[in-house]
Visitor: 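Dropping a structure here in C-alpha cells format, bear with me for questions.
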Amino acid sequence: MGGYGDVQLLREDGKRLDGRAVDEMREVEIKAGFLPAAEGSAWVKHGLNVAVAAVYGPMEAHPRKIQRQDRAVIDVRYNMAPFSTSDRIRPGFNRRSREISKVTAEALESVVLVERYPRSKIRVEIEILAAEAGTRCVGITAASVALADAGIPMKDLLVGVASGKIDGIVVLDLDKAEDNYGQADLPMGIMPNTGEIAFLQMDGDLSPEEYDLATEYNFKAAHEIHELMKQALLDSASGGDV
Amino acid sequence: MGGYGDVQLLREDGKRLDGRAVDEMREVEIKAGFLPAAEGSAWVKHGLNVAVAAVYGPMEAHPRKIQRQDRAVIDVRYNMAPFSTSDRIRPGFNRRSREISKVTAEALESVVLVERYPRSKIRVEIEILAAEAGTRCVGITAASVALADAGIPMKDLLVGVASGKIDGIVVLDLDKAEDNYGQADLPMGIMPNTGEIAFLQMDGDLSPEEYDLATEYNFKAAHEIHELMKQALLDSASGGDV
Amino acid sequence: MGGYGDVQLLREDGKRLDGRAVDEMREVEIKAGFLPAAEGSAWVKHGLNVAVAAVYGPMEAHPRKIQRQDRAVIDVRYNMAPFSTSDRIRPGFNRRSREISKVTAEALESVVLVERYPRSKIRVEIEILAAEAGTRCVGITAASVALADAGIPMKDLLVGVASGKIDGIVVLDLDKAEDNYGQADLPMGIMPNTGEIAFLQMDGDLSPEEYDLATEYNFKAAHEIHELMKQALLDSASGGDV
Amino acid sequence: MAQMVPQLLRQQLAELASQDKRFDGRGRWDSRDLILETDILYNAEGSAKVVLGDTIVYAGVKFDVASPYSDRPTQGSLMTGAELRPVAHRKYEPGPPSPESIELGRVVDRGIRESGCIDMEALCIVPGEKVWRVMLDLHVLSDRGNIFDACATAAIAAMRTAVVPAERFDVGEDFKLELSSTPIMCSYQRVGGRYVYDACEQEEIGGDERIHITLGDEGHLHSLQKGLRGVLSPAEFTEILAQAGDRCAELRELVHSKEA
Amino acid sequence: MAQMVPQLLRQQLAELASQDKRFDGRGRWDSRDLILETDILYNAEGSAKVVLGDTIVYAGVKFDVASPYSDRPTQGSLMTGAELRPVAHRKYEPGPPSPESIELGRVVDRGIRESGCIDMEALCIVPGEKVWRVMLDLHVLSDRGNIFDACATAAIAAMRTAVVPAERFDVGEDFKLELSSTPIMCSYQRVGGRYVYDACEQEEIGGDERIHITLGDEGHLHSLQKGLRGVLSPAEFTEILAQAGDRCAELRELVHSKEA
Amino acid sequence: MAQMVPQLLRQQLAELASQDKRFDGRGRWDSRDLILETDILYNAEGSAKVVLGDTIVYAGVKFDVASPYSDRPTQGSLMTGAELRPVAHRKYEPGPPSPESIELGRVVDRGIRESGCIDMEALCIVPGEKVWRVMLDLHVLSDRGNIFDACATAAIAAMRTAVVPAERFDVGEDFKLELSSTPIMCSYQRVGGRYVYDACEQEEIGGDERIHITLGDEGHLHSLQKGLRGVLSPAEFTEILAQAGDRCAELRELVHSKEA
C-alpha cells in the first residue's frame, strides 16, 4: 500500500477514476473447461486481469512424506506469466508467489471434501496471464471453478474478492492505480453459502469499523461473482463451446 | 552465426585463411582408452578443440522414473571446462549445454543397441577441455569411441561433423573465425555405414541447394574421421599406450 | 591471514592489545541444555563469539545412500546467522560453511561412539549468533557439550581451540584484530584425555618450531575449557536453570 | 501412522475445549511467560531475544548502503528474512526456504512496513544514489509453538533499539533508527473448535487455522493473515480482534520498557 | 507397465501408416485447425494465442533497457524463454527448466534470430550504453501435441505486432518493432515409420524422432533441429523440406493477416 | 553390503601394514609415478596436466578484469574452483558442488594464497577501479587416489607458467604472472594404522584420516587440513612433517623444470 496521498483517486462526484461507485466491482467474465489437456479448468477475466486454472487429480501423493492418511492434500502453484506485468517477471517461484500458493492451498483444502481422497494429491495450477491488481483473488475464483469442472466435491464454491481504502474511503475491488496509491487492501476467499471466510489477508491501515465495511462489500461482491461461476459451470456442462 | 560480411574469410586463391580448401577439414587425432577410472574413454583433438569422453555402465537406472522397460537410457553430460574458452565459463550446466546434452543423448540412443539393456542406464560424460568451434561434433565423435572402448554394442560408429557457409560459399568444418563471421553452420551426427543421420542441427542461412552441398561435405568428412576412430580402437585393443 | 605488518598487535610490555598475555585465552562461558526443543544443546560464549548447538537423534539415516552398515553418520550444519558478522551474511550455505561443516562432522565422528548406532544419523546444528574470530572452534566446543547433553556416548569431549602468530610471535586464541592482521592461525579440535587431535586446519606461515609452540598453547587451553564444559554439564544435570 | 496421533490429540483438545480448559492449564486468552531482552548480540546493530515458554527466537538488524528503487529515489528500504533452520526442531529440514519460513518472514515484514512506522525518507543518504537498507533477520532457535508472535515481538524490539552505523560506512554520524510507532502482532489458533491465544506446540499439532493480527498504536489493523486449513466466521473474527487490542497494548508496553 | 501401452500404440500407428492413415483421420501432411489471435494480453507489448487442435499456447513480448554486449555496442538483443509448466499437462512437473523446455525455447529463438529478421541496430538507444532488449516468452497452457509449431507461430505473430514502449522508459516515442521477414517453423515426426506433419499427442507418444524446420520468406533454411531417438536419411529430409516450403507459406500468410 | 567389502579391505591393509608393505608394492613414503606437463590447453592462459599413477587432473588459469574489494583497492584476487565431475569416477554424481569438491578447491587455494607467493599488488591495473582476477580451475578426469596432491601440483605449475592476457583486455602488454615462491602440497593417509604417502584408490577406500600439508620454499607450513574420520597424535604429525619436507623439495624441482 502506498498511501502517498498525492494522487487523488476519488472524483468530486464521489465516483472513482474509472467511473465506478465505491461499492461497485470491475466487470467479471468466467469460462469453465477452457484447457483440453486438464481434468478441470477455468478462465477468468476480472477487470483487465486474466487468470487460468487447471486441475489434475486426485492422484497418488508423492513423495510419500507429503501424504496424509485421512485426506487429500492440495498442491497449488500460483504463477505469474513473465509477460503478465508491466516489468517482465523472471520465471520461477519467488517469495510472493510461494506465500500466495501456500495460503491459497490451505483455503482450498478448507472447502474441498478432502476426506474423500485419503493419501492422494490434487494439483491446482493457477496461471496469471495479465495482472491489474487483485490477481490472488482472481486466481482463487478460477481455481474453484476448475475444481468444480473437474468434478471434485466441495462444501461451497470459494470466491476471491477484495476491498480496500482510497483517499480514506473504503471501496470495493481496487484496480491498479487504487492498489498503488491506496491505503489498504483486504483480500478474502468467501464461501457464499455458509458465509464463512477461508482466505484472509490484509495490509495497510484499517480501523475496526473500516474493516467491517470492507468485509461487507466483499460479501456482497462474492454473491455476485458466485452467480457468474455457477452460470459458467452450467454453460460448460451443457456443452457450451470455449 | 554472425554474417557480418566485414571480415573476409576466403582468400583470393579460393583457400581459407588457414590455407584449407573449402572441402578440407581440420586435423583430427584420436585416442581410445585415455582415462583409467572409466569403463570406456576417448580423447579427441580436432583442430584446436580437445574433448574427452568417459563411459560408465550399463548400470541400474535410478531414479526409477527414468527407467525404460524395453531399453537402456543414455545419460549424456556435455560440459565445457571453465578454462576451455576465451572468457572463463562458470561451472555448472547452462541452457546451451543442457540442450546439447539432450540431443546428443538422443542421437547416441539411436545408434547404441539399447534394447539389450532394459531398465538400465549408460552414463556418457563429455568434457571439452579446449574449444575452437565445433565442440558438439567433437564431443559426439569422442563419445562414440568411448562407447566402443567400453564394449557397448552399436549399429554403427556415430561421427560428429559440421559444414557451414562463409563469404557465401559452403565450406567444410568451420574454425573459430569462420564460425564467428560466417553465415551458416550445419552440425551432423552421421552413421557412415548406413548413411543415416542421427544428429542434426543448423542455424544461419542456407538455400536448399547449399544444404545439399554442405551435407555432401559432411558425409565425406565422416568417412575420413571414421577411419581414424577405427584405428584408435584397434590401437587401444592391441595395447597401444596412452 | 593478512600479515600486513602495518598494524602493531603486541604492546611494548609484551601484552596484546586487549591486555592478554601471549598464552592467555579469552573468557569462556558455557551452558548446557539451552534449547528446549532439542534433544541436547549448548550455548557457548567465547570472547565476543556466541555459538549455540543443538543435537537431534540418533534417528534413521535417510536417504538410504548416506547410511553406513557399521556406524552412525554425523550430519553437521555450521551456520552463521545473517546478523552475526559486521557485513550481513546472506542466508544459506556458502563454500566456507560447507567445508567447516564437513571437517567438523568428521572430527565429531572420530570421538562419538558411532559404532553403537549402525544405520543411523545424528544431527548436529551449530549456529553462530555473533562472530569475533575463531567461530569454528567455538562451534566444536558447543557441539561436544550438546552431544553430551543429549546423552550420546563419546570417547572424550572434543574441545575447539586455536593459536596463531601476530607480529611474528606465537599467541593463543586470536581475537578479531589479531585474526585480520596476524600471520597464522592454527585451529584444532583436541581430546584432552587422550591427547589426540581430531580436528586440524592451519593457514598462514609457521615454522615447524612455531607450529610446536602453537600446539602446546592449544593443548593448555583445551584443558582449561574442558573443565568449563564438564562443569556446565554437571550444572545442567543438577537442574541448573538456563 | 504418524497422522493417527494428531487424531487422538485432536479429541483430547476438543474435550478440554468443551470444559473451557487448555492443554497446559492456561485460560483461553492467556499467554505463556514472555521474556524480552534487547541489544544482546555483538555485530548486530539492533538485536532482541524472546523466550516465550519453551520457544526461543532472536531478531537481528543490520544495515547497508544501497541504490534506491528508481520509482522511490529518496526512500530507504526494509528487507525481512526468516529462517526455520533445523536447529529449531526435529521437524525442520535443511534446504531452500520453506513456504512456512517465507510466510513467517513476510507476515512479520508486512506488520511493520504497513504500519508506516519507518520513515523511509529519513533513510535517504543521497537522493537517487544512496539510501540505507534495513535488513531484519529472524532466527528461530527453539520452536515449541507460536513462533510468529515471538518473532514479531523480537523484530519490533530489535528495530526500535537499532542504531544506523553511518560512521562505519563513512556517511556521517551514527544515529538511532527512529520508529514512529510500535506495531504488535497477536496470533490466534482454532483449537478444539474455538480460538485460543498463543498456541503451544501440542495445540498447533492438534489445531486448525491460525489468524495473525498486527495492530498499531491506535488499534488500527495493519496486517492480517489466515494460515492453515480451516474457516472462520466474521463474528469469530470480531471476537479475537477485541482480544488482540488488549494484548497488543500490553506487549507494546513491554517493548517500550526495553528501550534504553 | 507404463511403457507397455506405448508399445501397443506403436503397433496401431504402424498399421494405420501401412494404410496411409492417421490416428485422428488426417492426411499425412494435414494440420489440425490452427486459430491465431494477436494483441490479447494487457501488459504484454506484443502477444498472441495459438489454438492448434487441443493444444493452446500464448506468446508474450516485453522490452527493457539494458547495456549492450561489449562486442556489439550498437545492437539490441533478443532473449527467448519457454516454460513447460505443470498447468499444461499431467506429465509436467514443477522444478527448474527441463531439457525439453530449454530445447523448445532455444529452437524457436534460433529460427527467429538466425533469419536475421530483427534489425538489432534499430534497437540501439545510445551506442555502447543503452539498447532495447526484446524478451519473448512462450507459455504452453494445454499440450496435446506439436507445441513447437504452436509456439513458433505464436512467437512470430507476437513479435510482428509488438510495440516498443519507449515512452514508459522515457526514451522517445513508442514505435512498432519492425521485422523484415517472417520465419515460420514446421515440425515433422516419424510415426509408424514415415514422417507426418503436426503430430497429435498420441502420435507423439507412439512416434520416433522429430524434425523442426524453420524457413524464411525465400524458402531458405534458418534453423534445423532433430529431437528424440531415431535416425533419418538424406532422402527423407528432402521430402519433408519440400512439404515444409508449402506449409510455411500458408502459415506466413495467416500471421500477416493478423497484423492490424 | 557395499560397506562389507571395505571391511575386508581394511583387514588386508592392516595385515600388509604389519609387514611394512603396501597394496601396490610401494614403500611407505613412496609416490606413484608423477608426470607433469605444462602449457597444454588452447584458451587457458596457464595450464598443466598431472598423471599420478592412474589419476589424471588438469589445471587451467584464466584472468579477467574486476573491481577490487573496497578494503583492498590496490590488490588483485585469486579464485579457485574444483570440480569432481562424473567423468572422473563412477562414484561421482552430477549436481551442485559436493563438500568433497569444495574442500579440495579450498585446501589447494589456501596453500597457494597463504604462502604469499602471489604479489597481489602487481595485479592492480587502476587502484580502486580495476584489478586482475586470477581464476584457477581444477578439473579431475580420472580419480584413482590422491587427487589433492595431483591437483595442487598441477595448480602451482599452471600458475607459474601463466601469462596475463593484458592485450586482449586492452590494458597494456601481456606479462608473465610472477610467483615469488612455489608452495607444494603433500598428503598422508592413515592406512592399516600408520600413515603412508600418496594413497592409491584402494588405500583410500580402506583407510582413515588424511592430512594435507603445504610447505613453502623455506619449509614453513602454509596450510594444514585434516580430512575424514580419525585422530592423530602430535608425534605422528611430527613424523609426516619431516617426510613432507623432503618430498615437497623434490616436487618443487619438478615444477621448476617445467617452466619454459
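A, B, ... follow the sequence lines: proteins, then strands. Residue 1 opens every chain. Computed over heavy atoms, backbone and side chain alike; hydrogens, waters and symmetry mates excluded.
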Visitor: Do the side chain of B:Arg123 and the main chain of F:Val87 share a donor and acceptor less than 3.5 angstrom apart?
Guide: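 Answer holds: no.
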
Visitor: By a 4.5 Å heavy-atom criterion (distance strictly below it), what part of B:Ser84 contacts chain F: side chain, backbone, both, or neither?
Guide: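 It is the backbone, since no side chain atom gets that close.
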
Visitor: If you draw a 6.0 Å radius around NZ in B:Lys230, do more than 12 non-hydrogen atoms from other residues or ligands fall strictly inside?
Guide: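 Correct, the count exceeds 12.
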
Visitor: If you apply the rule salt bridge (Lys or Arg N to Asp or Glu O under 4.0 Å), what do you find for F:Lys62 with B:Asp87, and how did you get there?
Guide: CA-CA 8 Å; F:Lys62 297 290 300 175; B:Asp87 290 337; over 6 Å; no

Visitor: Taking all atoms of both residues into account, what is the closest heavy-atom pair of B:Ala37 and F:His89, and its distance?
Guide: CB-CD2, 4.3 Å

Visitor: Find the distance between CD (F:Glu83) and CD (B:Glu127) and round it off to the nearest 0.5 Å.
Guide: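 These two atoms lie 7.5 Å from each other.
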
Visitor: Rounded to the nearest 0.5 Å, how far apart are CZ of B:Arg88 and CE of F:Met79?
Guide: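 Reported to 0.5 Å precision, the distance equals 3.5 Å.
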
Visitor: If you look at every heavy atom in B:Leu48 and F:Tyr42, which pair is closest and at what distance?
Guide: CD1-CE1, 3.4 Å

Visitor: Chain B: which of F:Pro96, F:Pro86, F:Pro97 shares the most heavy-atom pairs with it under 4.5 Å?
Guide: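 The candidate making the most pairs under 4.5 Å is F:Pro86.
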
Visitor: Would you check if the side chain of F:Arg85 reaches a backbone N or O of B:Glu125 as a donor-acceptor pair within less than 3.5 Å?
Guide: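 No, F:Arg85 side chain to B:Glu125 backbone: no donor-acceptor pair under 3.5 Å.
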
Visitor: Check for a donor-acceptor pair, side chain of F:Tyr58 on one end and backbone N or O of B:Ala81 on the other, with a separation under 3.5 Å.
Guide: no

Visitor: Can any side-chain N or O of F:Arg168 pair as donor or acceptor with the backbone N or O of B:Ser86 at less than 3.5 Å?
Guide: yes

Visitor: Mark yes or no for whether F:Arg144, through its side chain, and B:Pro36, through its backbone, hold a donor-acceptor pair below 3.5 Å.
Guide: yes

Visitor: Could you grab the distance from atom CG of F:Asn43 to atom CD1 of B:Ile89, nearest 0.5 Å is fine?
Guide: 9.0 Å

Visitor: Under 4.5 Å, counting heavy-atom pairs only, tell me which of B:Glu132, B:Met59, B:Arg77 racks up the most with chain F.
Guide: B:Arg77

Visitor: Measuring from F:Thr55:OG1 to B:Leu35:CG, what's the distance to the nearest 0.5 Å?
Guide: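 Spacing of OG1 (F:Thr55) from CG (B:Leu35) equals 11.0 Å.
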
Visitor: If you count the non-hydrogen atoms of other residues, nucleotides and ligands that lie under 6.0 Å from CD in B:Glu27, is the total more than 12?
Guide: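 Open.
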
Visitor: Between B:Glu39 and chain F, which part of the residue has a heavy atom less than 4.5 Å away: side chain, backbone, both or neither?
Guide: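 It is the side chain, since no backbone atom gets that close.
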
Visitor: Side chain, backbone, both or neither: which part of F:Leu141 has a heavy atom under 4.5 Å from chain B?
Guide: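 F:Leu141 touches chain B through backbone and side-chain heavy atoms alike.
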
Visitor: Taking all atoms of both residues into account, what is the closest heavy-atom pair of F:His139 and B:Pro82, and its distance?
Guide: ND1-CD, 4.4 Å

Visitor: Side chain, backbone, both or neither: which part of F:Asp143 has a heavy atom under 4.5 Å from chain B?
Guide: backbone

Visitor: Which pair of non-hydrogen atoms, one from F:Leu41 and one from B:Phe83, has the smallest distance, and what is that distance?
Guide: CD1-CE1, 3.3 Å

